[in-house]
Amino acid sequence: MGGVNEAAHILSLMGGQAKITLFDQEKIAEIHDYNVAKAARQEGREEGIRAMVSTLRSMSVEQKQIAQKLVEQFGLLPQAAEEKVKQYWKQ
């Protein structure tokens, strides 16, 4: 046996195992792609938060007002928004 015939024979011996492996590989790739995209979105969101804090700070907007804008624009909880303002205030 050789080539395609040998591969077919091996697959027939494996039964459904090859399909499961192929599905698993596709699912792993799909999960990986999702996680990469999610990380990229989070990085972009964080950059937007940093830019907003920096811009409003340069316009002499007070920290409380900046935190409120973060709540409105990014859907952050008030405490999380205040922490982000503190985090990016000195940058």
Side-chain angles (χ1 to χ4, degrees):
M1 273 189 213
V4 174
N5 287 336
E6 184 176 5
H9 178 69
I10 291 170
L11 287 175
S12 70
L13 293 174
M14 292 174 62
Q17 192 73 23
K19 291 178 185 175
I20 291 171
T21 302
L22 179 60
F23 172 79
D24 290 345
Q25 289 173 348
E26 288 174 353
K27 194 66 174 169
I28 289 169
E30 182 181 312
I31 292 168
H32 175 266
D33 292 347
Y34 172 82
N35 287 333
V36 168
K38 183 178 177 181
R41 283 190 306 273
Q42 181 60 33
E43 287 176 24
R45 183 173 192 259
E46 198 66 29
E47 180 59 24
I49 291 169
R50 187 205 60 74
M52 179 176 274
V53 171
S54 176
T55 300
L56 293 176
R57 180 175 182 255
S58 73
M59 298 170 68
S60 301
V61 177
E62 293 184 17
Q63 289 186 19
K64 286 281 186 188
Q65 291 174 309
I66 295 173
Q68 181 57 40
K69 285 294 182 188
L70 293 178
V71 168
E72 294 168 9
Q73 294 294 315
F74 293 95
L76 296 176
L77 294 174
Q79 184 177 352
E82 290 173 11
E83 290 171 7
K84 291 294 183 186
V85 171
K86 289 176 186 173
Q87 178 182 353
Y88 294 121
W89 189 258
K90 296 179 183 177
Q91 291 184 355

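Predicted model, so just to flag it, every value in this text is computed and none were measured.
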Evaluate side chain to side chain contact (heavy atoms under 4.5 Å, CB included) for E72 paired with K69, printing each intermediate quantity in order.
CA-CA 5 Å; E72 294 168 9; K69 285 294 182 188; 3.7 Å; yes
[X]: which of [options] passes side chain to side chain contact (heavy atoms under 4.5 Å, CB included):
{"X": "I31", "options": "N35, I28, D33", "answer": "N35"}
{"X": "E30", "options": "H32, E26, K27", "answer": "K27"}
{"X": "V85", "options": "E62, Q63, K64", "answer": "Q63"}

Side-chain donor-acceptor contacts of residues 42-57 below 3.5 Å, not counting sequence neighbours, with atom names and distances?
residue : atom : partner : partner atom : Å
R45     : NH2  : F74     : O            : 2.4
E46     : OE1  : K84     : NZ           : 3.2
E46     : OE2  : K84     : NZ           : 2.7
E46     : OE2  : Y88     : OH           : 2.5
E47     : OE1  : R50     : NE           : 3.3
E47     : OE2  : R50     : NE           : 3.3
E47     : OE2  : R50     : NH2          : 2.5
T55     : OG1  : A51     : O            : 2.8
R57     : NE   : W89     : O            : 3.1
R57     : NH1  : W89     : O            : 3.4

Can you tell me how far the CD atom of Q68 sits from the CD atom of E82, to the nearest 0.5 Å?
9.5 Å
Is L70 reachable from M59 through a run of I, L, V, M, F, W or Y residues, each pair having side-chain heavy atoms under 4.5 Å apart?
yes
What are the two closest non-hydrogen atoms of A81 and A67, and how far apart are they?
CB-O, 3.4 Å
